[in-house]
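Below you'll find the structure, written out as structure tokens, and then a few comments.
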Amino acid sequence: MSGSSSTRGVVAAATLVAALTLLPVLIALPAALAEGPARAAEYLFRPRIGNLLANTGLLVAVTVPAAVVLGAAAAWLVERTALPGAAWWRTLLLAPLAVPSFVSAYAWVTVAPGLTGFAGSALVTTLAYYPFVFLPVAAQLRALDPADEDAARSLGLSPAAAVMRTVLPRLRPSLSGGALLVALHLLAEYGVLEMMRFPTFTTAIMQQYAVGFSDTSGSLLASVLVGLCLLALLLELIARGRRRVARLGSGTQSPPVPHALGAWTAPAMLLLAALVAGALVVPVASVGRWLAASEGWAGLLDTGLLDATLGTVGLATLGAVAATAAALPGAWLLNRHHSGLTVALERVTFVASSLPGIVVGLGLVTLAVTWAGPLYQTVTLTVLAYAILFVPRAMVSLRSGLAAAPPELSEAARSLGTGGTGTLVRVVLPLMAPSVMTGLVLVALAVSTELTATLLLAPTGTETLALAFWREASQLDYAAAAPYAAVMIALSVPLTLLLRRQILEEK
């Protein structure tokens, strides 16, 4: 950007986005103290709250490292080793993004009814969320210049030591960003945990709101989730560091020499096969089985299914554009004008994403009814909720794209007389286009499977595939739910293939 006025404009835009994302929190926290601090303390120090905290903490402590290890290992095998059929593995490892997490839970529950509680929850969430780590790590591995690794090996370091010294430190932004997305999704996850009958803060909040709609108890539980989110954000900020990962220019990069796996080829392929089987084959096969058993193929032509499909596509498109546009100012400031203010603005946008969609939805309903009546029951309010919930998905992607777009190129454009807007359009956006597309797709995938906020905020008569699926599955009518699950997967497939294409383009 050029000049202080342009920077002030970006700061103003990022501040507005941060303020909007804080709205549900600013509404929930005062409601939590409505009956006084003493009542709040008495409620929060009950043994039940301790059990919920232990369950939530245990799930995060197990699933996040598991997803990071599996995602990073899979990305390394695909991008930096002589793995047979790497291109096919890349597609298969991304394909679980096309399967909503609650559809995976539905599949595992029907295949193994005894797999519930913590074990089932950890298994399903790990299999559903590891692509959030695999995707940015694989993209960054393709973008990194292997020259430093080659130099380290020429100085006598072993291949493993060279990777640890030169490659792993530069993967910190993608590893920490992916881990943060997994953690925040776990804090807000409802569908999987409800199906697996594993109580956490999110399921408890849903129960409170089901009984009392927007009562003090539910707001108190939401306030604890905000605290857990702040802790996750702090840990990610420490883990990410400030190491530069960009290189100046792309013409001097040499392709990396794939590492030979040797005797490890078979174990590596078995690991990836097991990962794909659990995350993709089981859900797809289960949906297909129920679809065939219920003669569900005829249901694919049902008018209600068509309406739900069109509603899902429309809301996903609007939500993706809104969230990605909202994330751009904060991502730009964090990369180009790193300071305490820019870090604070970025961190704020992540807070609401730790809340269940129902908390964000109720906050916006209260806001609309109290101060902005014309917004109630409108698509605008629904899309605003999606932007608040899913800005982090776009933020992580845009941040990686800007990190790979060196500021020196922007400075060179400005020195040649190009203004701030021209530099953005002609230099920066083309370089980060793959990351922008990745952010759009990630948000669209999230919106297409969102449940609770959509239920509260969508205009009367609006139907989505996720809502229809959940309505049938919650009544244990798995056959009736299968057509909706099948269409959700079918719609997500082209988006997932587009993500694969973006990985290939990030060089």
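The model shown is predicted, which means the values in this text are computed figures rather than measured ones.
- You'll find the side chain of C229 reaches within 4.5 Å of the side chain of L184, heavy atoms only.
- You'll find the side chain of V224 stays beyond 4.5 Å of the side chain of L220, heavy atoms only.
- The closest side-chain heavy-atom distance from T309 to Y484 is not below 4.5 Å.
- Separation of atoms OG1 (T21) and CG (L384) is listed at 10.0 Å; rounding is to 0.5 Å.
- Between the side chain of S474 and the backbone N or O of R471 there is at least one donor-acceptor pair closer than 3.5 Å.
- Here the closest heavy-atom approach between residue A453 and residue G357 is recorded as CB-O, 3.4 Å.
- Between L83 and L272, the closest side-chain pair of non-hydrogen atoms falls below 4.5 Å.
- Checking T464 against T454 by side-chain atom types alone, no donor-acceptor pair falls below 3.5 Å.
- For the pair F134/L70, no side-chain contact is recorded, criterion being any heavy-atom separation below 4.5 Å from C-beta on.
- Formation of a donor-acceptor pair under 3.5 Å by the S448 side chain with backbone atoms of L445 is found in this model.
- Nearest heavy-atom pair across L457 and A385 is CD1-CB, 3.3 Å.
- Residues forming a side-chain hydrogen bond (donor to acceptor under 3.5 Å, both in side chains) with T56 (at least two apart in sequence, or on another chain): none.
- Separating the CE atom in M195 from the OH atom in Y190 is a distance of 9.5 Å, to the nearest 0.5 Å.
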*asked:* Assess the residue pair V68 and V182 against the criterion (side chain to side chain contact (heavy atoms under 4.5 Å, CB included)); give the C-alpha distance rounded to whole Å, side-chain angles, the decisive distance to 0.1 Å, and a yes or no.
replied: CA-CA 9 Å; V68 168; V182 174; 6.0 Å; no
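- Closest non-hydrogen pair, L221 versus L52, comes out as CD2-CD1, 4.3 Å.
- Here the closest heavy-atom approach between residue L456 and residue G361 is recorded as CD1-C, 4.0 Å.
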*Walk me through it: do V282 and L127 pass the test side chain to side chain contact (heavy atoms under 4.5 Å, CB included)?*
CA-CA 11 Å; V282 169; L127 293 175; over 6 Å; no
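- Inter-residue side-chain proximity for P483 and L291 is flagged as met; some heavy-atom pair is nearer than 4.5 Å.
- Pairing each heavy atom of V137 with each of A72, the nearest pair is CG1-CA, 4.4 Å.
- By the 30° and 60° cut-offs, the orientation of the rings of Y129 relative to F132 is parallel.
- In this structure, T200 OG1 and L186 CG are separated by 9.0 Å, a value rounded to the nearest 0.5 Å.
- Going from atom CE of M488 over to atom OG1 of T312 covers 8.0 Å, rounded to the nearest 0.5 Å.
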*Stepwise side chain to side chain contact (heavy atoms under 4.5 Å, CB included) test for V69 and Y130*: CA-CA 8 Å; V69 170; Y130 83 83; over 6 Å; no
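- With hydrogens and angles ignored, the 3.5 Å screen pairs no side-chain donor or acceptor of S104 with any backbone N or O of P283.
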_Intermediate values then yes/no, side chain to side chain contact (heavy atoms under 4.5 Å, CB included), F102 and L451_ = CA-CA 10 Å; F102 53 81; L451 283 169; 4.2 Å; yes
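- Listed by chain and residue number, nothing satisfies the ring pair (Phe, Tyr, Trp, His ring centres under 6.0 Å) test with W108 (two or more places apart in sequence, or in another chain).
- The closest donor-acceptor contact from the side chain of W290 to the backbone of A107 lies at 3.5 Å or more, if one exists at all.
- Once rounded to the nearest 0.5 Å, the distance linking CG of L261 with CG of L77 reads 6.5 Å.
- Counting heavy atoms from C-beta on, the side chains of V103 and T449 never come closer than 4.5 Å.
- Closest non-hydrogen pair, I489 versus P100, comes out as CG1-CD, 4.4 Å.
- Side-chain atoms of T63 never come within 3.5 Å of backbone atoms of V60 as a donor-acceptor pair (strictly under, hydrogens ignored).
- Using a 4.5 Å heavy-atom threshold, the side chains of I205 and T202 count as separate.
- In terms of the side-chain contact (heavy atoms from CB on, under 4.5 Å) criterion, residue partners of L58 (sequence neighbours excluded) are, by chain and number, V62, F118.
- Rounding to the nearest 0.5 angstrom, the gap separating the CE atom in M196 from the CG atom in L123 is 7.0 Å.
- In this structure, the side chain of T110 engages the main chain of Y106 through a donor-acceptor pair within 3.5 Å.
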